[in-house]
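Below is one structure, written out as structure tokens; comments come after it.
Note that the structure is predicted; figures quoted are calculated from it, not measured. Chain A is the first sequence line, chain B the second, and so forth, proteins listed ahead of strands; every chain is numbered from 1.
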Number of protein chains: 2
Amino acid sequence: MAHRLSPAQSMKLWHDVHLAQVHDDEPDLSVRQMSVLLTVYLEAPPHTVRGLAAKLQVTKPVITRALDSMGKLGLVSRRRDEADRRNVLVQRTVKGVLYLERLGDLIGQTSEGL
Amino acid sequence: MAHRLSPAQSMKLWHDVHLAQVHDDEPDLSVRQMSVLLTVYLEAPPHTVRGLAAKLQVTKPVITRALDSMGKLGLVSRRRDEADRRNVLVQRTVKGVLYLERLGDLIGQTSEGL
DNA sequence: CCATTTTGTTTCGGATCCGTATCATTCTCC
DNA sequence: GGAGAATGATACGGATCCGAAACAAAATGG
């Protein structure tokens, strides 16, 4: 249970972490891509294209394209659902875990200096 | 001085705020645009294209385009520096203040439920 | 003065993303 | 088995963004 951040602390945290994201070499993820990635890693599976589209309130092609681009980066992978072959199950990857661990560390570290 | 956020808290905060950004009607800002906007509003003026490019470690056209798009949204404005007319001074706007106030409130509010 | 430097913008080709509409595959259920 | 529904991918036209290079305007300094 962390103490609630003040607006000033919040904006400084947002600023510092975004700046660090710009500075590092990895390509920036869009807000939608980041939302997909964090949803897949934080919420309980299974994750389908339709389910993610509903959760984000965006159209299905947005999810398909986000999975394409993040799949190319190795951050997520896709697998057919053998029980219902219409479904695609979005799965975590080692690289995705490492990416989000680094992000979580960065945010935590930045939050310390507020 | 807030308590340091754990990685899990950090990722949940990131997830929830990004999801809220996707859900609202305003167009999402890119990571670079958000960095420019927060730099202009949090750090002391004056802010020039060159200075912002150096701070973000990106090329000048990136800043020019970010100012174009955010200017169209009314979040920042430009003015010639009369003392050195080569310079462009990036200025805050009422709409930009309101935008970041809402963002700060959203982050603070989200941080409360961690 | 006038060449040089500095600053910001524009152009260019290429890549990405958007929403709508359409398509291919698979399942459901009578 | 066949019509219809459900699921995800793809096509399309338009918008945006990228970095590198070229450009225009203004200041600097011999």
Got a second to check how far [X]'s [atom1] is from [Y]'s [atom2], nearest 0.5 Å?
X        : Y        : atom1 : atom2 : result
Leu42(B) : Lys12(A) : CG    : NZ    : 8.0 Å
Leu89(A) : Arg78(A) : CG    : CZ    : 12.0 Å
Asp28(A) : Met34(B) : CG    : CE    : 12.5 Å

Rounded to whole angstrom units, what separation is found between the [atom1] atom of [X] and the [atom2] atom of [N]?
X        : N       : atom1 : atom2 : result
Leu89(A) : dT7(D)  : CG    : P     : 13 Å
Ile63(A) : dT10(D) : CD1   : C1'   : 16 Å
Arg50(A) : dT7(D)  : CZ    : P     : 5 Å
Leu56(A) : dC17(C) : CG    : P     : 15 Å
Lys60(A) : dA21(C) : NZ    : P     : 14 Å
Leu52(B) : dT9(C)  : CG    : P     : 11 Å

List the atom pairs, donor and acceptor, that lie under 3.5 Å between side-chain atoms in residues 95-106 of chain A and the rest of the protein, sequence neighbours left out.
{"unit_1": "Lys95(A)", "atom_1": "NZ", "unit_2": "Leu73(A)", "atom_2": "O", "d": "3.2"}
{"unit_1": "Arg102(A)", "atom_1": "NH2", "unit_2": "Glu26(A)", "atom_2": "OE2", "d": "2.1"}

- From the candidates dT9(C), dT7(C), dA9(D), the one with an atom nearest any side-chain atom of Thr64(A) is dA9(D)
- Message: Can you list everything that forms a ring-ring contact (aromatic ring centres under 6.0 Å, His included) with His47(A)? Sequence neighbours excluded, please.
- Response: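 ring-ring contact (aromatic ring centres under 6.0 Å, His included) list for His47(A), sorted by chain: empty.
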- Arg78(A) vs dG8(D): side-chain N/O to OP1/OP2 distance below 4.0 Å: no
- At under 4.0 Å, does any side-chain N or O of Asn87(B) touch on OP1 or OP2 of dG8(C)?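 Yes.
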- Query: Going by an N to O cut-off under 4.0 Å, is there a salt bridge joining Lys72(A) and Asp68(A)?
  - Reply: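 Judged by the 4.0 Å cut-off on N to carboxylate O distance, Lys72(A) and Asp68(A) do not form a salt bridge.
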- Using a 4.0 Å heavy-atom cut-off, write out nucleotides 15-27 of chain D from 5' to 3' as B (base contacted by protein), S (sugar-phosphate only) or - (no contact). --SBBBB----BS
